Amino acid sequence: MANYNLRINGKMTQVDVDSDTPMLWVLRDHIKLVGTKFGCGIAQCGACTIHLDGEAVRSCSVPVSAVGAKAITTIEGLSENGDHPLQKAWIEHDVPQCGYCQAGQIMNAASLLDKNPNPSDEDIARGMNGNICRCGTYTRIKKAIKTAAAEMS
Amino acid sequence: MTLIKTTYDRRSFMKASALGGGGMMIGFSWLASCKPGDKASDIPKEWFNVNAYLKIEKNGMVTIMSPNPEIGQNVKTAMPMIVAEELDVDWKNVIVEQAGLNTRDYTRQLAGGSQSIRQGWQSLRMAGATARRMLLEAAAKEWSVPVSELTTDAGTIKHSSGKSMGYGDVASVAGTMTVPEEVELKDPKDFKIIGTPVGNVDAPKIVTGEPLFGLDVDREGMLTAVIIHPPAFGMKLKSLDAAAAKAMPGIKDVITISTEVPEGAEYQWSDTNAFRELVAVVGNSTWQVMKAKKAVNVTWEPDSNLESSLDHEVRLTALVKKKAKEASRKDGNPTLAFKNAAQVVERTYTAPFLAHNPMEPMNFFANVTKDRAELVGPTQTPEFMSKTAAVVLGMPEDKIDIMMTRMGGGFGRRLYGHFGIEAAVISQKIGAPVKLVYSREDDMTQGTYRPAYKVTYRAALDKNNKLTGLHIRGAGAHGSPVFKDRFPAGAVDNYLVEDHTLESNISGGAWRAPRSNFMAGIESAFLDEVAEAAGKDPIDFRLELFDKAINDPVGEKNDYDPARYAGVLKMVKEKANWGANTPGVHRGVSVYYCHNSYVAQVVDLVMDNDKPKVKKVWCAVDCGIVVNPSNARNQIEGGLIDGIGHSMYSAITFKDGQPEQSNFNNYRLIRHSEAPLEIETHFVDNGIDPTGLGEPGLPPISGALMNALANATGKRMYNQPFVNDALVLG
């Protein structure tokens, strides 16, 4: 066990955990931020997507010891009032069915739009391919990303 | 306007009371209702139990508490919409909450078979209409005017003189009134909420990551557990050495657990699971128990057959070649029809086992003390779980409370609640509150899988290319997938169905649209080939069969309405402009009826660098009245993407009892880049009482896809998943 000082959603937080503990479980078990979801544990489904310095990563495969001073953003910290253009677009297009993967989808999409503010259908398909939606809301996700992109530009 | 009785045998389906702080509350049963003309004796007595509430507060806000499990089918939004419609309130002023559930007070909380809307339709309307009637009677009393002079509009009661008051102003009085014996239901043409697109009520919480799911449950002093199950079906625990694991940081204990019911007690159908004895690792945090699990030394030994997919294939092939002892259905003289046929078309189709893979892995919280058990988590069948928990824990059922959380997908997996029982046994044995968490591998390698199937179709065509005979012989693990009374039964004079069962120790169960998920696609693909052999357009060929089933049906018992069936096919034909040839676009069609709804689909494929790409899917759907068009479309879209994905890519195969896939690196699910670029869905507007949509969108799509692929590549697909034929979508 060791102490780690982490910047999570703009706030410094200290945790005492094993150095190999994935950020997913640090967030869920220790910080009690459960919006980041466990889906596969091997970076194949994207349900656990968070940002490290704005870059989308699979938190199930990032050990706490590798985070260092990087700023961590989770779905809870994506916007102050749940009003990020992507969050609004997700509601506007009535995207969620079961809803479990959607936080990861939104976090991945936010990072995608950061790099490519005006993605084509193909850019979205490629950029979102690491995020599985078992309910199959892919066509709505694509529309919601386009709506958010339009609002942000 | 329809009159509906709220009472049966002098007992009311409803209970009403005034709220302490002002306002009224109505309790009703989600699923109890007397349709006009129904025989009251058909209604089970337990349906009198109250299992849902409607609350109208002094400020006019309406809270509807829904007890139905939400697994993504969106009943938590749709069912309260029905109540609000008849109550005649503004949807803006409606709050929907998940009712606190316990199995003592609630009955039939089950999500399955796309039945929630169909079964709840009348009772939900009745609840809203009853509350509205009581508010009107209370207002009439206040104003000393007859009820007939009053009307309602969006939560306001209006008198013909022009005066008005809000529901909240009179709710306390209404709560003291007698529940009326009969109430009026709206004419569907007057619906204001039903038929409008209403967003998912939980969406704001979902997109901000609020705790909603079973895995998000957290309690003071809660431990975390993981299980270790045998690596292969047909194996059991031989020895356990947990010394190293127990010495690891944060580990509380490593134990063996048994979920076997004691002698004399019975398993519920929902207890389907291959492994009753497991090892559990219990500790302070998820990562600690996951790590310790790897340090546990367990040995296993065979206790029955260790089956392999290659053996299944051999045995299923032998079965579809074998005549059954008895026909499951026989109309006319099939032998003669085939003997006199000018042409016979015969094709065999195969499907593998499939895992459900809901995105939220199985989990359950349990706190079992000496005199009480509290279970919280994602289950579709709490009532059955309660019965099994009672016998396994040795505790009366009235000491067991089960709370349902929102579920991160189900697809049938959470009908089988063994993980809840396992959590309860671990908690009882450890003496602490525990959350059991399955890894993805734990779930995928001990599922209640969609069984492997093989079906042979034979069609006899006479010299005029008329379909004179149809013979379907099906075989599958745990049972044949064939539905003997479904179309084309009733449309063919000489018809024969034979069924075989492959015994297997690999646990199988209901998977989204059971059996239909395979039958719909292969039936559509086969009829396409028969139409081709007959030199007919595939849609015209099917419409001829529906005409036969409408005008001159064969047999007594045909499980579909041929006019509604033909209706969706005609609709998709028109909407997709079937018959217009667009260069580079290859089309396929399918139509199927299951779970009381009719769905026709047309797939438009294009070839992109030699890879097929689904450009567009056209859907025509008849589910009666569409309660919430936004979610209805979402269910159809998701269902067909699910269907494309599983027929293209997914399979669980076995070697010596061991599943060869364990996570998404080797079990392929459809992803963004493989989804259709566009989906266009149309609904038949016929005013018939609504039916479900959680399942019917999935089954037909693989048929439309198979037919479009055949047109695009010249090659027909017979064995799922098609990726095995080196086929992938671009």
Side-chain angles (χ1 to χ4, degrees), chain A residues 1 17-18 20-22 25-26 28-30 32-42 44-45 47 74-76 78-79 82 84 86-88 90-92 94-103 106 121-122 124-142, chain B residues 70-74 197 199-200 202-213 215-216 218 224 249 285-288 290-291 357-361 406-411 437 439-441 630-631 634-635 637-642 645 663-665 669-673 675-679:
Chain A
M1 306 274 270
V17 294
D18 289 348
D20 60 354
T21 309
W25 298 113
V26 172
R28 291 188 57 87
D29 282 1
H30 302 276
K32 310 290 182 192
L33 288 173
V34 295
T36 304
K37 299 302 187 200
F38 169 47
C40 70
I42 58 165
Q44 289 288 319
C45 78
T74 71
I75 187 69
E76 292 92 342
L78 181 66
S79 64
H84 185 283
L86 282 164
Q87 290 168 314
K88 288 194 294 184
W90 243 249
I91 292 173
E92 183 191 327
D94 203 19
V95 173
Q97 287 188 28
C98 87
Y100 192 79
C101 75
Q102 301 295 352
I106 291 170
D121 280 11
E122 247 174 59
I124 293 173
R126 214 179 12 247
M128 297 299 293
N129 234 23
N131 288 72
I132 295 173
C133 173
R134 179 65 183 82
C135 300
T137 63
Y138 295 131
T139 46
R140 285 183 183 229
I141 289 173
K142 185 174 70 184
Chain B
E70 178 60 63
I71 49 176
Q73 79 284 46
N74 214 358
N200 183 327
D202 278 340
K205 291 179 183 167
I206 289 167
V207 302
T208 52
E210 283 191 36
L212 288 168
F213 300 94
L215 204 69
D216 304 338
D218 187 30
T224 302
S285 70
T286 317
W287 184 244
Q288 286 173 323
M290 283 181 167
K291 266 200 329 187
N357 288 324
M359 288 310 289
E360 180 194 16
R406 186 180 184 88
M407 288 171 250
F411 315 102
V437 179
S439 66
R440 176 59 57 194
E441 291 83 359
S630 175
N631 180 58
N634 207 347
Q635 293 299 319
E637 292 160 9
L640 72 88
I641 289 174
D642 191 359
N663 205 326
F664 301 132
N665 57 335
L669 288 173
I670 192 167
R671 290 176 182 268
H672 279 271
S673 64
L677 296 177
E678 194 188 346
I679 300 168

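Throughout, a chain's letter reflects where its sequence line sits, starting with A, and its residues are numbered from 1. Just so it is clear, the structure is predicted and the values come from calculations on it, not from any experiment.
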Side chain A/Y138, main chain B/S673, donor-acceptor under 3.5 Å: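 A pair under 3.5 Å: no.
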Whether A/D94 side chain and B/N200 backbone form a donor-acceptor pair below 3.5 Å: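 Here the side-chain-to-backbone pair exists.
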Chain B interface, residue from [options] that has the most non-hydrogen pairs under 4.5 Å:
| options | value |
| --- | --- |
| A/C40, A/C135, A/G130 | A/C40 |
| A/V26, A/D18, A/T21 | A/T21 |
| A/I132, A/T139, A/I91 | A/I132 |
| A/T36, A/I124, A/D29, A/T137 | A/D29 |
| A/K142, A/R140, A/R28, A/M1 | A/R140 |
| A/E92, A/R126, A/H84, A/K32 | A/K32 |

Top of [options] for chain A proximity - count of heavy-atom pairs under 4.5 angstrom:
| options | answer |
| --- | --- |
| B/S630, B/P211, B/G199 | B/S630 |
| B/N665, B/I670, B/L640, B/N74 | B/N665 |
| B/A675, B/P676, B/P361 | B/P361 |

side-chain contact (heavy atoms from CB on, under 4.5 Å) partners of B/E678, counting only residues at least two apart: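 So B/E678 forms a side-chain contact (heavy atoms from CB on, under 4.5 Å) with B/K616, B/E680.
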Contact class of [X] relative to chain B, heavy atoms under 4.5 angstrom:
| X | answer |
| --- | --- |
| A/H30 | side chain |
| A/I141 | side chain |
| A/Q87 | both |
| A/I106 | side chain |

What part of [X] gets within 4.5 angstrom of chain A, counting heavy atoms only: side chain, backbone, both, or neither?
| X | result |
| --- | --- |
| B/Q635 | both |
| B/P197 | neither |
| B/L677 | both |
| B/L669 | side chain |
| B/K291 | side chain |

Is the closest side-chain heavy-atom distance between [X] and [Y] below 4.5 Å?
| X | Y | result |
| --- | --- | --- |
| B/Q73 | B/N631 | no |
| A/V17 | A/W25 | no |
| B/F664 | B/N357 | yes |
| B/I206 | A/W90 | no |

Salt bridge (charged side-chain N to carboxylate O under 4.0 Å, His left out) between B/D216 and A/K37, intermediate numbers included: CA-CA 9 Å; B/D216 304 338; A/K37 299 302 187 200; 2.7 Å; yes
Residue list, side chain to side chain donor-acceptor pair (under 3.5 Å) with B/R440, at least two apart or on another chain: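 Result, side chain to side chain donor-acceptor pair (under 3.5 Å) vs B/R440: none returned.
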Between B/N634 and A/Q97, a side-chain donor and acceptor under 3.5 Å: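 The criterion, which ignores hydrogens and geometry beyond distance, is satisfied for A/Q97 and B/N634.
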Interatomic distance, B/H672 atom NE2 to A/E122 atom CD [nearest 0.5 angstrom]: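 It comes to 15.0 Å.
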